[in-house]
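Take a look at the structure below.
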Amino acid sequence: MVSFLDEIRKIEKKWQKKWQEDEIFIANVDSSKPKWFLTVSYPYATSPLHIGHARTYGLGDIFARFKRQKGYNVLWPMGFHITGTPVLAVSWKIKNNDEKEWEKMRGFISYYESTIERIDEVVSSFVEPENVANYFAEKIIQDFLGMGYSLDTTRQFTTGDPEYNKFIEWQYSILNNKNLIVQGDYPILWCVNDKNAVGEDDIQDGDELNVEVNEFVGIKFKLDNNIFLVAATLRPETIFGATNIWIHPKASYNEISIDGEIWIVSKEATMKLLEQNHEIKIKSELKGEELLDVYVEVPITGRKIPVYPAVFVDTNHATGVVYSVPGHAPYDCAAIVDLQKDEKTISKYNLNSENLKQIEPISLIEVKGYGEFPAVEICQKLGVKSQEDRDKLEEATQTIYKDEYYSGVMKSNTGDYVGLKVEEAKNKVADTLYEINLATPIYEPSTKAFCRCGGQIIVAVIQNQYFLNYGNPEWKEKAFKALNQMFITPDKYRLSFENTFDWLDKRPCVRRRGLGTEFPFTKGEGWIIESLSDSVIYMAYYTIIRLIKENKIQPEQLKPELFDYVFLSKGSIKEVSNSTGVSKQTLDLMKNEFEYWYPNDLRHTAVHHISNHLSFAIFHHAAVFPEKYWLPAYSLNEMLSRDGEAMSKSKPNVIPIAQVPNKYSVDLTRLHLASIATPETVLEWKEEEVNFALQRLRKFWEYALSVTNISLNEKVEYSFLSKVFIASVKANLSKANEAIERFSAREYILEGYYSNIRVIDEYHKFAEHLPEAEKKAALREIIEIMVVTMAPAIPHISEELNERMGNKDYISLKQIPDIEIDNKDILYALQAKYMTDLINDIDQIVKLVKTKPKKVHIYINADWKNDLYELAKNIFKDEAVQIGKIMASAKESDKLNKYIKEIADEAKLMLRDPTIFRIEMLNAKDQESAILGYREFISSRFENAEILIHLSDDKDIYDPQNKSQKSRPMKPALLLE
RNA sequence: GCGGGGAUUGCCGAGCGGUCAAAGGCGCUGGACUUAGGAUCCAGUCCUUAGUGGUUCGGGAGUUCGAAUCUCCCUCCCCGCACCA
């Protein structure tokens, strides 16, 4: 067994070398052949790929190889994505001697390098970002070729190449001309230290904290003309229940002039607001206690409420000013109770205790399961003792928020909002406050978080951020039109696309960090096109990159008019040639190449790209290209898991592609990945199950080897069993071909490969008594078709067998024949099925009676039963089965009316199982010939028992137990003696 | 929360209105081959039974001559949600 694996591993390397040497997968324009252009999304070059990726790329390769063997000129190129922050992040961490990163990279590099010195040398080189990308790009291609992928490697590029940048600039100039790029303000997470946007990777424990941007409503409580205390809240609807304002007495506050007003907010809040797109000047600093016992005006209600001290106020959260709603907010409830009995504090700050004691909760929301004051109730229930009881108060706040938000209704004291659900009232109150300019949005991270550099994370508002406006109605409509024309498999994902399209709106398309193409309209300002927005029409770039490199075209020559000419047939070749210095001949070749290959016939990727990349690609194609170049088809597959956990680069459960050829075998892995589950399920990789694929592969190999030296020139007369055998294999192969045409790789392998191995097994069993020469000839005949048909899935083994069968050509380039199924084949298949069932029945009876029969009597039904079933089939195609109808029709039939008594019994049976007459039936003659064909097999199975065939309408029939009347067209009656 | 997907026989995983007691694999049981086998091969694997019949496809109701497959409700699980590629 080990030797078999060794043997095919050797074979795999042998053929990969030959394919490379003869460059058989390099694709060139050939107008005499139809073309087929496949892309699989390019990988990100910061780590080696693992076997989960091999699922996606392996499916792509099966498609590419199938189309190639169907006579298409196939282009399947590969590039690399390096845009964004990951490459820089790796480089930065290596430079800073981040121990974890070093270990991770050493692990990765050890797949490819054998000495520690060499590994460390490679890792050290990663201080240069381009070395990271280059190293992994090279290794990934090496891994891909090691998996036997039929890639055109002459069209490689990375998204960081200056030529590519020119292409993206052109794309964005078109989008801009079509007014699809808009500007607006945009809140993002921001490090105060780096003065830069941060992503999850940059945040300490970012993956666990899951920090998001929260939008608070900063409500302005008027203190004096144009002077406001600003309290930020997530629950603006509670403004009707405000009884006072809370300030931390010991904390520092600022008086600031902001957008023409004067605000009082905490010192920390001032720093945050500075980043949120306001005109701010700090006028003075004051202590919280200086503000106590003054009165401010509540917006909308106009009531005057006092400012009181509370230590639960966190000045580093939002504005450090809180308005108090003791009826519905647990913290406020606890704090007001605390303060009312806290004589010390009252006298310390000289508060008017009369007014303070008069403060009572206001009820403004009706909630099921609660009384007047939900906050008071829940504080009592949880046993909250003071405002310092933080855990309990936090829990209480969460509970109340949820209950009130989903089932609360606004009470009669809430002005225009009476009767509204809290869910709606919340937004309406906020809108009103914004409209009357008594509120401003204030942004705050959902969780307190810090950057890896140590700086605090706040929310900054980017002014005039650039967005791609996917919400543009014309664009969206066009994109939907494109989507509706597409073939998507598995089909269930179409709905996901439709939902994504509906939901897509403005999306920021530039960033300040990471690698990529500089945004062409703000050169020098450091804006880089966002990394998902620069990889949506690059399939077109594959068609011309080889010519750009071969002709040494410089980036600066790649002016927009060149792309306009090549991709959109705009402008004159003469002018374009003049302005770019690219020869007319080269321009023509580029244009020709694009027009030959485009559109991108199939794009295959992993499912998780639906909500971004794959949807964007449809939008951008619709915006940039004429309709004939839109994307025709998507094919998708889910990811892979091991031990129930998704295989991801950072986890220890990965099997790198680099180890596949030696740990398993390439063909074995390709076969297993494509056939173990349908693409829409997360595939669980189990070692024990790989073994199954290996055994079958070996079996196929051995079957094939046993007939490689058989010559097909001598005509062998096939007996019944051999004819049935060949017909069965052909039927399966035909199904396989039909499946792969729809890109159902699993069905293709199951039908074309696994089912057929089983058919061969059965043939060997049933046909043991046939002459050796006949068996070999029949096997050879089907192996030959199987090898060529299954080559897309197991190309290496197929090449080897093809060679050993005496062929000099590449099977990878050999035409897969169309399988013609004629009536004779259909009959054979039905007869085979008939006999399998019959033999099973005999086996079952033998097992039950536990004695081996000496005689097997088989009773074939009388002809009129076939007529009856045929008749029933026609009547009840799509109406309810009724005995009366059967009887009436039978009476009218010349053939049947004489058996009317028997038919009544038979009809009762039909009624019990209405599926009976939907089955394809064999007539008596075909049943008999089938039994005769298998007679020797059945006989030998039971120590040469005698096989007797009876026709049920034979007058002299031997039928002591009256079995014959039970016989039916696909189920003969049996008597064992 | 919003949006989407799913629940199949010991497990994984097909099936998606009628050859469905439900492919295939794993596991388990028996047999063969073996010095041995955690290697391989063959057979069996819901209950019952001369090839039959019965009860099954998360739970409940419905549509239909007929439902694992369609509709509705319930329970539970998974995934995406914007600067992260």
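Just so we're on the same page: letters track the sequence lines, and every chain starts at 1.
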Taking the P atom of each, how far is rC2(B) from rC12(B), in whole Å?
30 Å
With Glu687(A) via salt bridge (charged side-chain N to carboxylate O under 4.0 Å, His left out) - residues at least two apart:
Arg642(A)
Between rG4(B), rC84(B), rA50(B), spot the one nearest the side chain of Arg511(A), thanks.
rC84(B)
Sugar-phosphate, base or nothing in reach of Lys971(A), heavy atoms under 4.0 Å
base
For Arg603(A) and His609(A), does a side-chain donor sit closer than 3.5 Å to a side-chain acceptor?
no
Which residues in residues 829-838 of chain A have a heavy atom closer than 4.0 Å to any atom of RNA chain B?
Leu830(A), Lys833(A)
Residues that Arg746(A) engages under side chain to side chain contact (heavy atoms under 4.5 Å, CB included), provided they are two or more places apart:
Thr678(A), Leu750(A)
Residue set satisfying salt bridge (charged side-chain N to carboxylate O under 4.0 Å, His left out) with Arg511(A), at least two apart, ordered chain then number -> Glu530(A)
Could you work out, with side chain to side chain contact (heavy atoms under 4.5 Å, CB included) as the rule, every residue matching Asp843(A), not counting sequence neighbours?
Ile839(A), Arg941(A), Phe942(A)
Take Gln961(A) and Trp503(A), find for each the nucleotide of RNA chain B with the closest heavy atom, and name the residue whose nucleotide sits nearer the 5' end.
Gln961(A)
For atom NE2 of His608(A) and atom C1' of rG80(B), their distance in whole Å:
11 Å
Enumerate donor-acceptor pairs with a distance under 3.5 Å from any side-chain N or O in residues 495-505 of chain A to protein atoms, sequence neighbours excluded.
from	atom 1	to	atom 2	distance (Å)
Asn499(A)	ND2	Leu495(A)	O	3.1
Thr500(A)	OG1	Ser496(A)	O	2.8

Quick one: label Arg758(A) by what it contacts on the DNA or RNA (base, sugar-phosphate, nothing), any heavy atom closer than 4.0 Å.
sugar-phosphate
Pick base, sugar-phosphate or nothing for Thr83(A), based on heavy-atom distances below 4.0 Å to the nucleic acid.
sugar-phosphate
Answer for the Watson-Crick or wobble partner of rG24(B), both distances under 3.5 Å, is rC12(B)
For Val849(A), check side chain to side chain contact (heavy atoms under 4.5 Å, CB included) against everything at least two apart and list the hits.
Ile845(A), Thr851(A)
Tell me which nucleotide among rA50(B), rG4(B), rC83(B) gets nearest to the side chain of Tyr186(A).
rC83(B)
Across the strands shown, which category fits His81(A) at heavy-atom distances under 4.0 angstrom: base, sugar-phosphate, nothing?
sugar-phosphate
Could you tell me how far rC74(B) sits from rU29(B) if I compare only their P atoms? Round to whole Å.
44 Å
When both distances are under 3.5 Å in a Watson-Crick or G-U wobble arrangement, the nucleotide paired with rG1(B) is rC81(B)
Rounded to whole Å, CZ of Phe80(A) lies from C1' of rA85(B) at a distance of 16 Å
Can you confirm if the aromatic rings of Trp527(A) and Tyr172(A) lie within a centre distance of less than 6.0 Å?
no
Base, sugar-phosphate alone, or nothing: which one does Ala693(A) contact when heavy atoms must sit under 4.0 Å apart?
nothing
Watson-Crick/G-U partner (both atom distances under 3.5 Å) of rC41(B):
rG31(B)
Are any protein N/O atoms closer than 3.5 Å to N/O atoms in nucleotides 41-44 of chain B? If there are, list each pair with its distance.
from	atom 1	to	atom 2	distance (Å)
rC42(B)	OP1	Lys699(A)	NZ	3.4

What does Thr681(A) touch in the nucleic acid at a heavy-atom separation under 4.0 angstrom: a base, only the sugar-phosphate, or nothing?
sugar-phosphate
Roughly how many Å apart are rG80(B) and rC28(B), using the P atom of each and rounding to a whole number?
35 Å
Distance between P atoms of rG13(B) and rG6(B) (Å, rounded):
14 Å
Given rC83(B), rA50(B), rG4(B), which nucleotide is nearest the side-chain atoms of Leu848(A)?
rA50(B)
Which listed nucleotide (rA14(B), rC83(B), rG51(B)) is nearest to the side chain of Pro508(A)?
rC83(B)
With rounding to whole Å, what would you report as the distance between rC73(B) and rU63(B) at their C1' atoms?
15 Å
Atom-pair distance (OH on Tyr493(A); P on rC79(B)), nearest Å:
14 Å
Who does rU52(B) pair with, Watson-Crick or G-U, both distances under 3.5 Å?
none
Pick base, sugar-phosphate or nothing for Leu976(A), based on heavy-atom distances below 4.0 Å to the nucleic acid.
base
Is it true that Glu738(A) and Arg742(A) make a salt bridge, defined as a side-chain N closer than 4.0 Å to a carboxylate O?
yes
Is any side-chain N or O of Arg513(A) closer than 4.0 Å to OP1 or OP2 of rA85(B)?
no
Can a side chain N or O of Ser611(A) be found less than 4.0 Å away from OP1 or OP2 on rC81(B)?
no
For residues 960-973 of chain A, which residue pairs pass the salt bridge (charged side-chain N to carboxylate O under 4.0 Å, His left out) check, not counting sequence neighbours?
Asp841(A)-Lys971(A)
Taking the C1' atom in each of rU19(B) and rG66(B), what is the distance between them to the nearest angstrom?
14 Å
What is the distance, to the nearest angstrom, from the CZ atom on Arg507(A) to the C1' atom on rA82(B)?
5 Å
Touch check for Pro972(A), heavy atoms < 4.0 angstrom, all strands: base, sugar-phosphate only, or nothing?
base
Between N or O atoms, less than 3.5 Å apart, protein on one side and nucleotides 26-34 of chain B on the other: list the pairs.
none

Could you tell me if the ring centre of His764(A) sits under 6.0 Å from that of Tyr703(A)?
yes
Using ring centroids (six-membered ring only for Trp), state whether Tyr754(A) and Phe692(A) fall under 6.0 Å.
yes
For Met970(A), check side chain to side chain contact (heavy atoms under 4.5 Å, CB included) against everything at least two apart and list the hits.
Leu830(A), Lys833(A), Tyr834(A), Ile919(A), Met921(A), Leu922(A)
rA39(B) and rC47(B), which share atom name C1', separated by this distance in whole Å
35 Å
Just how far, in rounded Å, is P of rG4(B) from CZ of Phe497(A)?
16 Å
For rU19(B), give the paired nucleotide (Watson-Crick: N1-N3 plus N6-O4 or O6-N4; G-U: N1-O2 and O6-N3; both under 3.5 Å), or none.
none
Counting only side-chain nitrogens and oxygens, does Thr85(A) get under 4.0 Å of the OP1 or OP2 atom of rA85(B)?
yes
Side chains of Gln927(A) and Asn861(A): any donor to acceptor distance under 3.5 Å?
yes
Check this for me: does the side-chain of Arg746(A) come within 3.5 Å of the base of rA23(B) through a donor and an acceptor?
yes
Rounded to whole Å, how long is the line connecting atom NE2 of His672(A) with atom C1' of rG13(B)?
11 Å
List in chain and number order the residues that pass ring pair (Phe, Tyr, Trp, His ring centres under 6.0 Å) with Tyr466(A), two or more places apart in sequence or in another chain; answer none if no residue qualifies.
Phe519(A)
Which residue lies toward the 5' end of RNA chain B, Asp841(A) or Leu683(A), if each is placed at its nearest nucleotide?
Leu683(A)
What integer number of Å spans the C1' atoms of rU55(B) and rA68(B)?
15 Å
